[in-house]
Amino acid sequence: MSSKVLIVAEHDGTKLNPSTAKCVTCARGITGAEITVVVCAADASAIASQAAQLAGVAKVLTVENPANAHLLAAVLAPQIVALAGPFTHVFGPSTTFGKDLMPRIAALLDTAQVSDVMATQSPTRFCRPIYAGNAILTVEFDGAAKIVATVRTASFEAAPNGGSAAIEKASVDAALPTHTRFVAVSAAKSDRPDLQTASRVISGGRALGSADAFKILYSLADKLGAAVGASRAAVDAGFAPNELQVGQTGKIIAPELYMAIGISGAIQHLTGIKDARTIVAINKDSEAPIFEVADFGLVGDLFQIVPELERLIGA
Amino acid sequence: MKRILVGIKRVVDYNVRIRVKPDGSGVITDGVKMSINPFDEIALEEALRIKERGGAEEVVVVTIGPADCQPQLRTALAMGADRALHVQADGVIEPLVAAKAILKLVEREQPLLVILGKQAIDDDNSQTGQMLAALWNRPQATFASKVELAEGKARVTREVDAGLETLEVDLPAVVTTDLRLNEPRYVKLPDIMKAKKKPLETLTLSAIGVEQKQRLKLVKFEPPPQRQKGIRVKDAAELVEALRTKGLL
Ligand SMILES: Cc1cc2nc3c(=O)[nH]c(=O)nc-3n(C[C@H](O)[C@H](O)[C@H](O)COP(=O)(O)OP(=O)(O)OC[C@H]3O[C@@H](n4cnc5c(N)ncnc54)[C@H](O)[C@@H]3O)c2cc1C
Ligand SMILES: Cc1cc2nc3c(=O)[nH]c(=O)nc-3n(C[C@H](O)[C@H](O)[C@H](O)COP(=O)(O)OP(=O)(O)OC[C@H]3O[C@@H](n4cnc5c(N)ncnc54)[C@H](O)[C@@H]3O)c2cc1C
């Protein structure tokens, strides 16, 4: 039987999130898969045309409904389930959007979910990290049930543009709950690159000591066109906002360059940067575990080194 | 009675260095320190605080797992839970099975809130709470960093990729905890003694009517690829030079 993959698009109401293009690449790893992207939104047109351009996508379905203005798992899940009939696989990204939504879909379909797929070995066989990435588990789906999965975005390149899929309006017959209501989202708007897609990331740890001290990292980041990240200790201490946390329970990222500054290198932090191309560590403790994984290690006081780096790079 | 149900999962302690068995059949857990999943401690702490503020009258902890999970349930009772339910099961319990089992207990206990961890730090699935909410046909507020209860409703702040999102949900509902929701209390020695007398009920999956179906075959476990050890540079200038050479600056 040939595979038909339904990918649930992530978006902010106007723009498609790059996580969707990564799901497409993951799905293309399944030989002969026919890929459909579904866009649930209040107004889906702009997002659907972005999805239609992704190479490898055969069709884009749009489900327009004012109830889809905010992507609430309890509201989306019954709509996706209503559309899932002809598909063998339902994929979503392993971002907070997909992590929230996909298990709800799996349960309604009475099937299991594979979380954080990092490779597809066959239409039914997948690899995923467990124990904060300290082991890789290969799982095989048994039986004919639909396969629901979240895709570890750091493991896949975004599918390029170049496609021209047909866009189709889908009508969905599903009772939508009103027990869950969106109130607000507070996102610090910043002009810096997005942490999850940036090619360079400068991250700070507990050693920074204050939110004020983090400014030296922002300043260096701006010089490099980099995003800023943080360890959990730095976020817990209030030096940086929660959305900057990198690690097992924060964001999993795969930049070209990752600079860990005043970060000790706890396993939970390293989980988030395993796929970084080049890791730089700056730490005053020459025994810090971060040096075990760093391509370039520099022992010294960050408060001297960071301004110096900025000066040298600027020159 | 206004009741909160809390999931307690026994996991390998987060400080343990995980090693894969040489034959690839699993990870080494013999003789390894086991603890309550850190997110479940946070879940229990939140339930206890809600009770202490008068928002609930009873906190019930639940675990699904083998007989050796009971020390973790006793620890939860020592932290302040009123009673414990242990659904005994050996072997692999997939999140869908865990969710179905918790649903049976929900039907029996009629809680106004179920608080679970956002993920268990062993399997890192992050599924059980969402699956429970789906099967129960009730709201879910995952990755919570703040929970406020009002009459028949909860206002929950969630840690999402974009920042912080606030949802309002009708009760009963499922909440899953993120790390910054609270800092769990320490257990005091007299409480450990008292916990020995608190009720702990043992059930089985078949007695509550849940089939322990395994839908995912565990084919093999492997250690992750190791990064190659890098080099030390002596100062900022050498670092900049090295990065320029690699074309990274
Ligand atoms: C369930 C669970 C989940 C977790 N999830 C995450 C996660 O997602 N992400 C995460 O990051 N952590 C996570 N953690 C926490 C993790 O275990 C560590 O506690 C945390 O990463 C430590 O942060 P840090 O490296 O900034 O602080 P520390 O470990 O305190 O390290 C600070 C470092 O700065 C160095 N230093 C101090 N002063 C200077 C100076 N002037 N110049 C240069 N170096 C200096 C020190 O030598 C030290 O190595 C989790 C923990 C648990 C239990
Ligand atoms: C490779 C592998 C090996 C396994 N081996 C065993 C084994 O030898 N013995 C065994 O008993 N199980 C075993 N399991 C089952 C496993 O321990 C979990 O119960 C199940 O996979 C749930 O996944 P999770 O904990 O990652 O769920 P998540 O969705 O990440 O868990 C989220 C939250 O749900 C709640 N929760 C989840 N499971 C339980 C539970 N069992 N009891 C109470 N609350 C819970 C907790 O509040 C938890 O924080 C195995 C699973 C896998 C994948």
Side-chain angles (χ1 to χ4, degrees), chain A residues 73-74 77 95-96 99-100 103-104 106-108 111-116 125 129-143 145 179-188 196 232 236 241-243 249 251 256-257 274 278 280 292-298 305 308-309 312-313, chain B residues 12 14 18 20 27 94-96 99 119 121-127 130-131 133-135 138-140 142-143 145 155 159-170 178-180 215-224 227 229-233 235-237 239-240 242-243 246 248-249:
Chain A
T95 55
T96 51
K99 285 183 187 171
D100 186 41
R104 191 154 182 133
L108 294 177
T111 188
Q113 170 179 303
V114 184
S115 297
D116 305 317
R125 192 177 276 219
I130 56 174
Y131 289 97
N134 285 293
I136 310 295
L137 173 63
T138 305
V139 295
E140 170 90 38
F141 257 88
D142 265 351
H179 54 45
T180 306
R181 295 169 293 274
F182 173 86
V183 179
V185 66
S186 72
Q196 247 155 340
R232 175 185 168 194
D236 282 0
N242 69 286
E243 63 269 23
T249 51
K251 293 196 166 98
E256 292 294 320
L257 174 64
K274 281 215 157 78
T278 299
V280 171
E292 297 290 312
V293 299
D295 299 281
F296 299 108
L298 176 49
I305 294 169
E308 211 182 321
L309 280 176
L312 288 166
I313 289 163
Chain B
V12 173
Y14 76 91
I18 296 295
V20 174
V27 302
E94 290 180 355
L96 186 59
Q119 77 199 65
I121 60 162
D122 48 3
D123 307 322
D124 283 334
N125 276 319
S126 195
Q127 299 177 9
Q130 298 87 313
M131 288 184 158
L135 301 172
R138 295 302 308 166
Q140 69 189 45
T142 52
F143 328 141
S145 64
R155 197 173 258 252
E159 295 205 0
V160 295
D161 291 335
L164 296 172
E165 182 187 77
T166 308
L167 294 182
E168 185 183 75
V169 297
D170 294 339
D178 216 315
L179 289 169
R180 278 169 283 276
R215 292 167 173 81
L216 286 176
K217 201 162 79 199
L218 310 176
V219 180
K220 67 168 186 272
F221 293 73
E222 290 165 291
R227 287 187 83 94
K229 212 173 152 73
I231 57 166
R232 294 280 169 110
V233 291
D235 55 21
L239 177 59
V240 169
L243 294 177
K246 268 199 124 182
L248 288 164
L249 288 181

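Below, chains carry the letters A, B, ... as their sequence lines are ordered, and counting in each starts from 1.
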Best-contacting candidate, B/A242, B/A134, B/G230, against chain A by heavy atom pairs under 4.5 angstrom: B/A134

Distance in Å, B/L239 CG paired with A/I305 CD1, rounded so as to fall on 0.5 Å steps: 8.5 Å

B/T142 and A/K99: side chain donor to acceptor below 3.5 Å: no

Winner by heavy-atom pair count (cut-off under 4.5 Å) against chain B, out of A/A77, A/A135, A/A74: A/A135

Sub-4.5 Å side-chain heavy-atom contact between B/R227 and A/K274: no

Most contacts with chain B, counted as non-hydrogen pairs under 4.5 angstrom, among A/R232, A/E308, A/E256: A/R232

Residue B/V233 versus chain A: region with a heavy atom under 4.5 Å: both

Max heavy-atom pair count under 4.5 Å with chain A, selected residue of B/V240, B/L164, B/L179: B/L164

Those residues that, when tested against B/S145, pass side chain to side chain donor-acceptor pair (under 3.5 Å) (two or more places apart): none

Choice from B/M131, B/R180, B/R155 maximising heavy atom contacts with chain A below 4.5 Å: B/R180

A/I136 side chain reached by B/F221 side chain, heavy atoms, under 4.5 Å: no

By side chain to side chain donor-acceptor pair (under 3.5 Å) - contacts of B/R138 (at least two apart): none

Option in B/L216, B/V160, B/L96 with maximal non-hydrogen atom pairs under 4.5 Å from chain A: B/L216

Under 4.5 Å from a heavy atom of chain B, the part of A/A112 involved: both

Point-to-point distance, once rounded to the nearest 0.5 Å, from CG of B/D178 to OG1 of A/T96: 10.0 Å

Residue, of A/D116, A/V293, A/V114, that accumulates the most heavy atom pairs under 4.5 Å with chain B: A/V293

A/R125 versus chain B, the contacting section by heavy-atom distance below 4.5 Å: side chain

Choice from A/L257, A/D295, A/N242 maximising heavy atom contacts with chain B below 4.5 Å: A/N242

Inter-residue atom distance B/Q130.CD - A/L108.CG, 0.5 Å rounding: 12.0 Å

Pairwise distance CG(B/L249) to CG(A/L309) - rounded to 0.5 angstrom: 9.0 Å

A/T138 to B/E222 - nearest heavy-atom pair and separation: OG1-OE1, 4.1 Å

Choice from B/A99, B/A237, B/P224 maximising heavy atom contacts with chain A below 4.5 Å: B/P224

B/Q140 and A/D100 side chains, donor-acceptor separation under 3.5 Å: yes

Test item: B/K229 and A/E292 side chains (from C-beta on) under 4.5 Å apart, heavy atoms: yes

Closest non-hydrogen atom pair between A/H179 and B/P139, with its separation: ND1-CG, 3.3 Å

Min side-chain heavy-atom separation A/I130-B/D124 under 4.5 Å: no

Atom pair CG/CG of B/L218 and A/L137 - distance to nearest 0.5 Å: 5.5 Å

Side chain proximity check, B/I231 to A/F296, heavy atoms < 4.5 angstrom: yes

Within-4.5 Å side-chain heavy-atom neighbours: A/T249 and B/E159: no

Test item: B/D170 and A/R181 side chains (from C-beta on) under 4.5 Å apart, heavy atoms: yes

